[in-house]
Amino acid sequence: MKIFHAGILFFYLFTSANVAMAESRWFNSDQVNRGEILFQQNCAVCHGLNAEAKPGWEQASGEKSAPPLNGSAHAWHHSMGQLSQTIRQGNIQIGGSMPAFKGKLSEQDIKQVIAFFQSKWPDDVYQQWAGENHVVAGKSVSTIEQDVTQLLKLRLGSNDIASATETEIKGVYQTQFGDKYAYLIEGGRYVFIGDLIDLKQARNITEVSRRSDVKKALAEIPPSDLVIYPARGQERTVLNIFTDTSCAYCQKLHSEIGHLQSAGISVHYFPFPRGSSRGPGYKSLKSVWCAKDGMKAMDIAKGVAEGNLPSGNCERSNLVDRGFELGRKIGITGTPALFSANGTKFNGYVPYNELIPMLLNEL
Ligand code: HEC
């Protein structure tokens, strides 16, 4: 069942099966013990040795107002992500007195410190927090990230989902499937699918990832497994094209690649038979990839040269399937699909007189 649309926000619910494990907590005694030492070194001056706060904290201001973290005050209303965020960033910038511990405490330290003060929470408080925040007993927070990935797999009906990694924005995790990127917020309770943009720097953070992932994916296939039309003279850049011999716009683009070569652009062809093995170009792509002279066979298959195609029965013909898989992985649905050397995608056919300046301006 697909319930996703671009930009959708949804929250996920754990099944009642997890309630049965409700007795225990996400952390173990090891984490609590290490957290206790860190807490005493870094937090106890203000929050009290057992996270019970200093007497009079409610009337005090500034540092003396540090609240209890033992479950008797407000702290348990915060999600795991919010608690870590407060400890990392503090709130001095927004007028509070809680110092930032980023740089002093690692992410692991922060989790252990939280484990320590949460070990002071009475069961009913912990259970309510765990329920509201979908924290599963006996699981560390990093396995919760895996759960989120699992859930995405289920909802998307796909297994091809990258595991979540934290972005430059604290507490926001990025994951990827096909050519789509998703952002997990609040420890994975919410997911947002779309592009993340840094307005201040006018930078599309998602596009940066997308390009570098595409570059990595394209590099999986060595040049010897491609059909390459080299630049004439010195090579200035490379254009990667996923092509199908039977597609009209692939043929049109192909008839113009001499202009690209003359402009110092090498064309690297990847095979992408639309419709896979049932597609109209599948057989002739295999012939092209089996041919001794790949360029000549490509010219013949695309109707710009005369001649006969060799048989498509050879070991290299597997490369056609490989190209199709790779294309699917990076989200290609039609041909031609063009990728510049830095991974920028151009959708469909672009006339050479527009394409050349776009590629060279990128340098
Ligand atoms: C210099 C004193 C000081 C130290 C040291 C300190 N805190 Fe705080 N903390 C505060 C104050 C004061 C607040 C209340 C927020 C405000 O000032 O707005 C606070 C708030 C918090 C909150 C939010 C509580 C809530 O109910 O919203 C958390 C969580 C927290 N501190 C955790 C820690 C941890 C963990 C450490 C040690 C790693 C630590 N603090 C060290 C002073 C301190």
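Bear in mind the structure is a predicted one, so any value in this text is a computation, not a measurement. Order of listing sets the numbers, starting from 1, for every ligand and every atom in it. Hydrogens, waters and symmetry mates play no part in the numbers below; they use all other heavy atoms, side chains included.
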(request) For Gln261 and Tyr229, test the side chains for any donor-to-acceptor distance below 3.5 angstrom and give the result as yes or no. (result) no
(request) Write out the residue and atom name of the closest protein heavy atom to atom 17 (O) of ligand 1, then the distance separating them to 0.1 Å. (result) Ser97 N, 2.8 Å
(message) Could you identify the single nearest non-hydrogen protein atom to atom 15 (C) of ligand 1 and state the distance to 0.1 Å?
(response) Asn91 ND2, 3.3 Å
(request) Please report the number of protein N, O or S atoms that lie less than 2.8 Å from atom 8 (Fe) of ligand 1. (result) 2
(request) May I ask you to decide if the ring planes of His78 and His74 are parallel, tilted or perpendicular, using 30° and 60° as cut-offs? (result) perpendicular
(request) Output the list of atoms in ligand 1 that are nearer than 4.0 Å to some heavy atom of Gly96, sorted by atom number. (result) 16 (C), 17 (O), 18 (O)
(message) Tell me whether Glu107 is salt-bridged to Arg88, with the criterion being a basic N under 4.0 Å from an acidic carboxylate O.
(response) yes
(message) So that I can tick it off, tell me whether Arg34 and Asp109 are bridged by a salt bridge, with the cut-off set at under 4.0 angstrom between side-chain N and carboxylate O.
(response) no
(request) Identify the protein heavy atom lying closest to atom 35 (C) of ligand 1, giving its residue, its atom name and the separation to 0.1 Å. (result) Val113 CG1, 3.2 Å
(message) I'd like to check which ligand 1 atoms, numbered from 1 as shown, lie under 4.0 Å from a non-hydrogen atom of His74.
(response) 26 (O), 27 (O)
(message) Can you classify the ring geometry of His259 versus Tyr352 as parallel (below 30°), tilted (30 to 60°) or perpendicular (above 60°)?
(response) parallel
(message) Checking Cys250 now: which residues fulfil disulfide bond (SG atoms under 2.5 Å apart) with it, not counting sequence neighbours?
(response) Cys247
(message) Once rounded to the nearest 0.5 Å, what's the spacing between atom CE of Met295 and atom OH of Tyr269?
(response) 11.5 Å
(request) Step through it carefully: locate the ring centre of Phe192, locate the ring centre of Tyr183, and say whether they are under 6.0 Å apart. (result) no
(message) Can you confirm whether or not the ring centre of Trp76 sits under 6.0 Å from the ring centre of Trp121?
(response) no
(message) Which residue and atom name correspond to the protein heavy atom nearest atom 5 (C) of ligand 1, and how close is it?
(response) Asn42 O, 3.3 Å
(message) Are any of the N/O atoms on His78, whether in the backbone or the side chain, positioned under 3.5 angstrom from an N/O atom of ligand 1?
(response) yes
(request) Examine ligand 1 and decide if any of its atoms is less than 4.0 Å from a heavy atom belonging to Leu105. (result) yes
(message) Evaluate Ala75 for polar contact with ligand 1, using N/O atom pairs at a separation under 3.5 Å.
(response) yes
(request) With heavy atoms of Gly62 as the reference, note each atom of ligand 1 found under 4.0 Å away. (result) 12 (C)
(request) Could you list which atoms of ligand 1 come closer than 4.0 Å to a heavy atom of Ser65? (result) 12 (C)
(request) Decide if atom CD of Glu362 counts as having more than 12 heavy atoms of other residues, nucleotides or ligands within a radius under 6.0 Å. (result) yes
(request) Fit a plane to each ring of Phe270 and Phe242, take the angle between them on a 0 to 90° scale, and name the class: parallel (under 30°), tilted (30 to 60°) or perpendicular (over 60°). (result) parallel
